[in-house]
Number of protein chains: 2
Amino acid sequence: MPGRHHWQHRFRENVSRWTLPREIILDLLSRSSRHMSAKEIYGALYALYPGLGLTTVYRTLELLHRLGFVQKVTSGDGPGRYELRGEGEKDHHHHLICTKCGRIIDYRDFVQEELDLIKKTEETLAKKHNFLIQDHNIEFLGLCEKCR
Amino acid sequence: MPGRHHWQHRFRENVSRWTLPREIILDLLSRSSRHMSAKEIYGALYALYPGLGLTTVYRTLELLHRLGFVQKVTSGDGPGRYELRGEGEKDHHHHLICTKCGRIIDYRDFVQEELDLIKKTEETLAKKHNFLIQDHNIEFLGLCEKCR
DNA sequence: TAGATAATGATAATCATTTTCATTAATAAT
DNA sequence: ATTATTAATGAAAATGATTATCATTATCTA
């Protein structure tokens with residue numbers, strides 16, 4: 001859970017200004033364990049900072065995603081959801097998604113096998129199809145405890 | 001490539017009527033190798049059948065998806081894309097997706113290893129999180145030959 | 001062949017996201 | 001510190017994909 005100064009520093013490195021919206025959005029994401037949509041973030045912060053605009057939330061999330069601070073999960077229907085990305089490979093995980101309520105659960109089972117398979121597959125596909133592979137997703141869809 | 005009668009029969013089994021829009025949409029999907037969006041399907045069929053409505057395309061695709069005839073791929077941004085689902089496990093495959101032009105390539109490499117890992121993971125997750133798992137996705141995102 | 005009802009298509013509505021643009025605030029230069 | 005530069009913001013409108021509404025039409029059933 002890196003603090004404000006950590007982020008502030010990483011922002012400066014990227015020629016981006018350190019502003020209140022950015023600070024409170026990062027702060028919320030680092031306090032929240034859930035994957036939140038733009039509207040949820042907006043709703044959660046509105047009380048604290050009523051001047052905040054939904055547009056800014058979208059723009060900030062887009063920036064955080066572009067800088068690699070945040071991962072965006074867009075599966076099935078409904079809005080995109082965001083989570084802070086941990087440092088390096090040690091945070092490797094994938095998602096279990098409820099198709100009814102949209103809840104997302106991180107899982108970290110069989111990580112090593114996954115990494116091996118992904119690496120192998122990625123190399124093969126990149127070569128075979130002349131693709132520049134930048135990312136991958138593995139996800140399981142279904143109904144959570146509450147929705148089943 | 002099952003013909004009209006095959007589909008017609010499977011529709012009847014499901015208490016759904018066999019109509020012209022359904023026939024031409026299924027026919028197009030079985031002739032096309034690409035994963036098509038609703039609008040692309042609409043566009044491709046409009047010349048043949050100018051009465052066709054975009055709404056009907058969406059509804060038909062939703063029905064085909066619900067009946068399990070069609071798979072829907074919704075990754076990253078842009079519209080959902082659809083492909084006919086082959087029969088049984090022997091058509092097991094996943095996707096390589098270009099984030100720029102939206103092109104989707106099916107791949108079938110390391111199928112057995114994937115199936116094993118997925119099965120194992122699915123069982124573990126279902127038990128651990130009390131989830132009813134209905135589906136899974138594995139996808140690689142990046143830039144295709146033309147867009148890189 | 002007629003009656004029941006499911007499917008269709010035009011239109012409007014919704015939902016998530018992006019664009020526009022005038023205003024404000026953060027940093028750089030003085 | 002003060003000002004100038006320019007990025008960031010927020011309100012509103014625009015866009016794009018998809019869904020809901022509803023009167024009309026077509027398919028199947030009796």
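Sequence lines set the chain letters: A, B, ... in the order given, protein chains first and strands last, and positions in each chain run from 1.
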Mind calculating the distance between [atom1] ([X]) and [atom2] ([N]) to the nearest angstrom?
| X | N | atom1 | atom2 | answer |
| --- | --- | --- | --- | --- |
| M36(B) | dT18(D) | CE | C1' | 18 Å |
| E62(A) | dA7(D) | CD | C1' | 15 Å |
| Y82(B) | dA17(D) | OH | P | 12 Å |
| L63(A) | dT9(D) | CG | C1' | 13 Å |

Could you name each residue pair satisfying salt bridge (Lys or Arg N to Asp or Glu O under 4.0 Å) that touches [range], not counting sequence neighbours?
| range | result |
| --- | --- |
| residues 121-135 of chain A | K119(A)-E123(A), K128(A)-D109(B) |
| residues 4-16 of chain B | R10(B)-E87(B) |
| residues 14-28 of chain B | D27(B)-R31(B) |

Between R148(A) (side chain only) and N130(B) (backbone N and O only), is there a donor and an acceptor less than 3.5 Å apart? yes
Between S16(B) (side chain) and N14(B) (backbone), is there a donor-acceptor pair under 3.5 Å? yes
Can we say E83(A) and K72(A) salt-bridge, meaning some charged N sits less than 4.0 Å from an Asp/Glu carboxylate O? no
N/O contacts under 3.5 Å, protein versus nucleotides 27-30 of chain D?
from: dT27(D); atom 1: O2; to: R17(B); atom 2: NH1; distance (Å): 3.0
from: dT27(D); atom 1: O2; to: R17(B); atom 2: NH2; distance (Å): 3.3
from: dC28(D); atom 1: OP1; to: W18(B); atom 2: N; distance (Å): 2.8

What is the first contacted nucleotide of DNA chain C and what is the last, in 5' to 3' order, if contact means an atom lying under 4.0 angstrom from a heavy atom of chain A? dA16(C) to dT27(C)
Determine the contact category for R22(B): base if any of its heavy atoms lies under 4.0 Å from a base atom, sugar-phosphate if only primed atoms, P, OP1 or OP2 are that close, otherwise nothing.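 Counting heavy atoms under 4.0 Å across all strands, the contact made by R22(B) is with sugar-phosphate only.
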Classify the nucleic acid contact of G78(B) as base, sugar-phosphate or nothing, counting any heavy atom under 4.0 Å across all strands shown.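 Nothing, no nucleic acid heavy atom in range.
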Mind telling me whether H94(B) and H92(B) have parallel, tilted or perpendicular rings, with 30° and 60° as the class edges? perpendicular
Apply the hydrophobic cluster definition, ILVMFWY joined by side-chain contacts under 4.5 Å directly or through others, and give me every member besides L143(A). L132(B)
Could you list the donor-acceptor pairs under 3.5 angstrom formed by side chains in residues 98-105 of chain A, with sequence neighbours left out?
from: T99(A); atom 1: OG1; to: G142(A); atom 2: O; distance (Å): 3.3

How would you list, by chain and number, every residue that makes a side-chain hydrogen bond (donor to acceptor under 3.5 Å, both in side chains) with K39(A), sequence neighbours excluded? none
Taking the six-membered ring where the residue is Trp, are the ring centres of H95(A) and H136(B) under 6.0 Å apart?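 When the ring centroids of H95(A) and H136(B) are compared, they turn out to be at least 6.0 Å apart.
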Could you give the angle between the helix axes at the two ends of the helix from dT1(C)-dA30(D) to dT30(C)-dA1(D), with five pairs per end, rounded to 10 degrees? 30°
Taking side chain to side chain contact (heavy atoms under 4.5 Å, CB included) as the definition, give me every residue that meets it alongside A44(A), ordered by chain and number, with sequence neighbours left out. L28(A), M36(A)
Side chains of residues 59-66 of chain B: which donor-acceptor pairs under 3.5 Å do they make with residues two or more places apart or in other chains?
from: T60(B); atom 1: OG1; to: T56(B); atom 2: O; distance (Å): 2.7

Within residues 37-58 of chain A, which residues have any heavy atom lying less than 4.0 Å from an atom of DNA chain D?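 Close to the strand are Y49(A), G51(A), L52(A), G53(A), T55(A), T56(A).
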